[in-house]
Amino acid sequence: MSKEPVAVVGIGQTKHAAARRDVSLAGLVREAAVRALEDAGLSWADTDAVVLGKAPDFFEGVMMPELCLADALGAVGKPVLRVHTAGSVGGSTALVAADLVAARVHRTVLAVAFEKQSESNAMWGLSLPVPFQQPLLAGAGGFFAPHVRAYVRRSGAPDSVGSLVAYKDRRNALKNPWAHLHEHGLTLERVQSSPMLWDPVRYSETCPSSDGACAMVLTDRRGAARAPHPPAWVHGGAMRSEPTLFAGKDFVSPRAGRDCAAEVYRQAGVTDPRREIDAAELYVPFSWYEPMWLENLGFAAEGEGWKLTASGATELDGELPVNPSGGVLSTNPIGASGLIRFAEAALQVRGRAGEHQVDGARKALGHAYGGGAQFFSMWVVGDEPPTT
């Protein structure tokens, strides 16, 4: 049996901030979901199921939040699925929702992901001792900085590349009203002179800690035909994972990331991603991961990703705009960060990204990774239904 084409017809985000003390967890997710339903021209009664994603429960200290949030998401009496794949969970949430529609299990599905980091401490949450695994010590930054240093040694990239990425993304965020960080008057010199946190990652080259939520409405062909605005069509989607540690693991360019990208491109019929993808929303929590992921995802040859960044190609008006929304470097509610990447890719091909719209975007990539660079989720969306 052929798969049902899947369309994104509604997208909603909260205003992301360091602390959203004006709302509870339920209020936060409902805020995003209401906006997504309004965008789709639907009501709570029109959804058949809810897929809820977030990062580890101890980030807020609320165990199995899907149980207490069902009422806020109009899910009483409906199937509710919980997804958790560490930092990639937002992307995985969208893919689970898309698969439910593609398999014709449900016709219209609400996907929601969130994080309220202000109610806990992510640095502490990421530093818990886990048996038989190396400790994270100084949180995610302390874990990933050695991998960045390995990339710099391997590629010969100059020290300035990380600052160029951060400067670009923070300027893009000024065009995104939902972004957490709006750093007016930011200069490249200020980024380069910010304190060193984890060599070579500086303070201004790392993601913030955000409260926020994102929601999407996914539906079938009939639902797309009734939508009040142009939909984004899912052309390909995949998840891949690998162990955190194993002999021969390449932390700079993980095999799971390469395999995930290859599968998504195969489904979408993409043979030259650099030429065929018009915009990319990549999960870049530390600025150096832009050139690293450009190589891992096939946009640049090994050791050449930093040259693509340095050339200006990844700027909003470049040949391959990366993170037009400001990315994870500007907004990071961890559980929702991946779904935001997927949603922003969909906004681009719908032509509804506002001031950070990429002119003529017809095909876009959404990307998320999590854990010790071991979980990956990606999709390619387009402005037309897939041909197969």
Side-chain angles (χ1 to χ4, degrees), residues 6 8 10-14 16 20 23-37 40 42-103 105-122 125-126 128 209-219 237 239 241 332-343 368 370-371 375 377 379:
V6 181
V8 179
I11 294 172
Q13 292 186 53
T14 63
H16 306 286
R20 285 294 307 274
V23 289
S24 62
L25 285 179
L28 190 70
V29 297
R30 191 174 176 92
E31 185 178 312
V34 165
R35 288 180 176 139
L37 290 169
L42 299 176
S43 68
W44 297 106
D46 296 316
T47 63
D48 302 316
V50 174
V51 181
L52 184 70
K54 78 167 300 292
D57 288 355
F58 50 73
F59 275 13
E60 289 95 0
V62 178
M63 300 300 102
M64 295 190 290
E66 62 274 15
L67 301 181
C68 67
L69 296 178
D71 185 43
L73 294 172
V76 174
K78 300 177 184 179
V80 178
L81 288 82
R82 163 73 185 278
V83 181
H84 170 34
T85 56
S88 73
V89 64
S92 303
T93 300
L95 293 176
V96 169
D99 283 348
L100 289 172
V101 176
V105 176
H106 300 296
R107 293 193 55 201
T108 302
V109 178
L110 176 66
V112 186
F114 72 95
E115 201 75 65
K116 209 164 189 293
Q117 291 195 60
S118 67
E119 298 193 356
S120 183
N121 186 309
L126 288 169
L128 293 174
S209 176
S210 309
D211 286 0
C214 181
M216 284 198 294
V217 178
L218 298 94
T219 190
M239 289 182 268
S241 63
N332 187 36
I334 297 173
S337 292
L339 189 60
I340 296 171
R341 308 280 68 73
F342 280 40
F375 300 109
S377 56
W379 77 3

| task | Would you name the heavy atoms of S88 and F375 that are closest together and state the gap between them? | result | OG-CB, 3.4 Å
| Closest approach of S118 to R20 (non-hydrogen atoms, all atoms of both residues) | OG-N, 4.4 Å
| Passing candidate, side chain to side chain contact (heavy atoms under 4.5 Å, CB included) with F114, options T14, V29, I334 | V29
| said: Ignoring hydrogens, what is the shortest heavy-atom contact between R82 and E66? Give both atom names and the distance. | reply: NH1-OE1, 3.0 Å
| field | Side chain to side chain, H84 and P56, heavy atoms closer than 4.5 Å | value | yes
| task | Could you tell me which non-hydrogen atom of C214 sits nearest to which non-hydrogen atom of L339, and how far apart they are? | result | O-CD2, 3.3 Å
| field | Criterion side chain to side chain contact (heavy atoms under 4.5 Å, CB included) against L52, the qualifying member of L81, L73, L67, V83 | value | L73
| task | Indicate yes or no: at least one non-hydrogen side-chain atom of Q117 is less than 4.5 angstrom from one of D211. | result | yes
| message | With heavy-atom distances below 4.5 Å as the criterion, would you say the side chains of I340 and Q13 are in contact? | response | yes
| field | Check: P333 main-chain N/O paired with E115 side-chain donor or acceptor under 3.5 Å | value | no
| remark: In T219, L110, V217, the residue satisfying side chain to side chain contact (heavy atoms under 4.5 Å, CB included) with L42 is V217
| remark: Looking only at heavy atoms, the pair that brings S92 and S377 closest together is N-OG, 3.4 Å
| remark: Note: I11 and M216 closest approach over all heavy atoms is CG1-CG, 4.0 Å
